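So the structure is just underneath, and the comments pick up after that.
These figures come from a predicted structure and were not determined experimentally. Because only heavy atoms are used, hydrogens play no part in the values below, and waters and symmetry mates are left out as well, while side chains stay in.
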Amino acid sequence: MRPLRFLLILLILAPSSVRAEEDGGWLDSGKKWVQQLWRDDSEAWLGRINAAVANHNYKGVLVLVQGAEINTLAVEHRMDNGVESLRMRTLSGSPRELVKKGGRIQSNSLGGSLQSFPAAATGQITFSHFANAAGNKSYKVRLSEKARVAGRATQVIDILAEDLWRYSYRLWLDTESGLPLKVVTLDERGYALEQFVFTQIDITPAAGKAKPAKAPQNRELKSPFKEVKGFRVIASESRAGSTHYLFSDGLASISLYVEPSKQKEKAQMRRDGVNGLMLGDGSIRYVAMGKVPVATLEKILAQTQR
């Protein structure tokens, strides 16, 4: 008797309860196996991001959508002997320009004012934190469909928040280079909160091979506040009686400002996807701001109360 026919007979003769239990075990194992394959694949895709930025020049048109506001920017990125330079210039609204070179960023506006500050201290869009998202316990990564952006083939990766204290992200990575061509931030209900997308882009290999920059390892500091759902204090600075604490969960960040104030006040703000809460208790004013749900800011302010 052939082995296959013998196996079929055994399955038919086995009690239905036993077969159901075995089928369930096989099904669960199969699901876990497939999920692990997808996770490993999505992790490999995210791992390409830093090398993609380090080894490619690109030039194009970027559309940034924040709420009802839409801005178009001309972007030019170059790597010369391992030194990165980036220029972003607005094509709509007030003329503004941002230039990054040699580890510093300069920004000017229509009034001619010029600001210069270290690149590491800026809130400009970076990709390194996405590269390490697969190992972040507050999120899970998932391989999604293939799509096209700016005429180029892309692989979509979902970075999903594990709870309602943070937002989720969806990335469109260029199949050829690994560069992010589109990034959408999704709020706690799954609606698009912010997105940027290249409508035109030209990608070329950079001269020579540069080592991809390692994502900075955030050092957790001793905090006067309790941990808030995975957010930890990674930086603090005091100036003129005001102290600024920077919270991070590895992807999202929250700024908390603590300063003396005799005012009793409470206010809520929202601009370009950034939420803000202010609370004054008659002796201290607390201001929390970040691209996170309002409930997260409320939780942080509740933890700061003496």
L297 and A288 have their tightest heavy-atom pair at CD1-O, 3.7 Å

message = Determine whether L46 and I157 satisfy the following criterion, side-chain contact (heavy atoms from CB on, under 4.5 Å), listing intermediate values before the conclusion.
response = CA-CA 8 Å; L46 293 174; I157 305 292; 4.1 Å; yes

Salt bridge (Lys or Arg N to Asp or Glu O under 4.0 Å) pairs touching residues 236-256, sequence neighbours excluded, are R166-D249, E237-R239

side-chain contact (heavy atoms from CB on, under 4.5 Å) filter on R48, not counting sequence neighbours, yields W45

(message) Determine whether T296 and I254 satisfy the following criterion, side-chain contact (heavy atoms from CB on, under 4.5 Å), listing intermediate values before the conclusion.
(response) CA-CA 9 Å; T296 309; I254 301 171; 3.8 Å; yes

dist Q195:CD -> W172:CH2 (nearest 0.5 Å) comes out at 7.5 Å

Applying side-chain contact (heavy atoms from CB on, under 4.5 Å) to S238 and not counting sequence neighbours gives T243

Practice prompt. Look at E84 together with R78 and state whether they make a salt bridge at an N to O cut-off of under 4.0 Å.
Written response: no

Please tabulate, for the side chains in residues 58-75, all donor-acceptor contacts under 3.5 angstrom to protein atoms that are two or more places apart in sequence or on a different chain.
from: Q66; atom 1: NE2; to: E194; atom 2: OE2; distance (Å): 2.8
from: E69; atom 1: OE2; to: N71; atom 2: ND2; distance (Å): 3.1

Heavy atoms of E259 and S242 approach each other most closely as OE1-OG, 3.6 Å

Could you go through V53 and H77, starting from their C-alpha distance and side-chain angles, then the distance that decides it, and tell me whether this counts as side-chain contact (heavy atoms from CB on, under 4.5 Å)? CA-CA 9 Å; V53 174; H77 173 273; 3.8 Å; yes

Practice task
Report the C-alpha distance between R89 and L91 in whole Å, list the side-chain angles of each, state the deciding distance to 0.1 Å, and finish with yes or no for side-chain contact (heavy atoms from CB on, under 4.5 Å).
Solution key: CA-CA 6 Å; R89 178 171 49 89; L91 300 177; 3.6 Å; yes

List, one per line, each side-chain donor-acceptor pair under 3.5 Å for residues 177-186, sequence neighbours excluded.
from: S177; atom 1: OG; to: D174; atom 2: OD2; distance (Å): 2.7
from: S177; atom 1: OG; to: L179; atom 2: N; distance (Å): 3.2

Sorted by chain and residue number, the ring pair (Phe, Tyr, Trp, His ring centres under 6.0 Å) partners of Y139 (sequence neighbours excluded) come out as none

| said: Count I, L, V, M, F, W, Y as connected when their side-chain heavy atoms are under 4.5 Å apart, and connections chain through other members. Are L256 and V294 then in the same cluster? | reply: yes

- Are any of the side-chain nitrogens in E97 or R87 under 4.0 Å away from the carboxylate oxygens of its partner? yes

Residues Q155 and S144: closest non-hydrogen pair is NE2-O, 2.7 Å

Check: Between E43 and K140, is a salt bridge (charged side-chain N to carboxylate O under 4.0 Å, His left out) present by the stated rule, with each step listed?
Finding: CA-CA 10 Å; E43 185 173 353; K140 62 180 178 181; over 6 Å; no

Looking only at heavy atoms, the pair that brings M278 and V287 closest together is CG-CG2, 3.8 Å

Query raised in the report: Can you list the steps and then say if Y169 with F130 is a ring pair (Phe, Tyr, Trp, His ring centres under 6.0 Å)?
Result: CA-CA 9 Å; Y169 305 89; F130 288 131; 5.4 Å; yes

Query - Under 3.5 Å: donor-acceptor pair, side chain of S168, backbone of A161 - result: yes

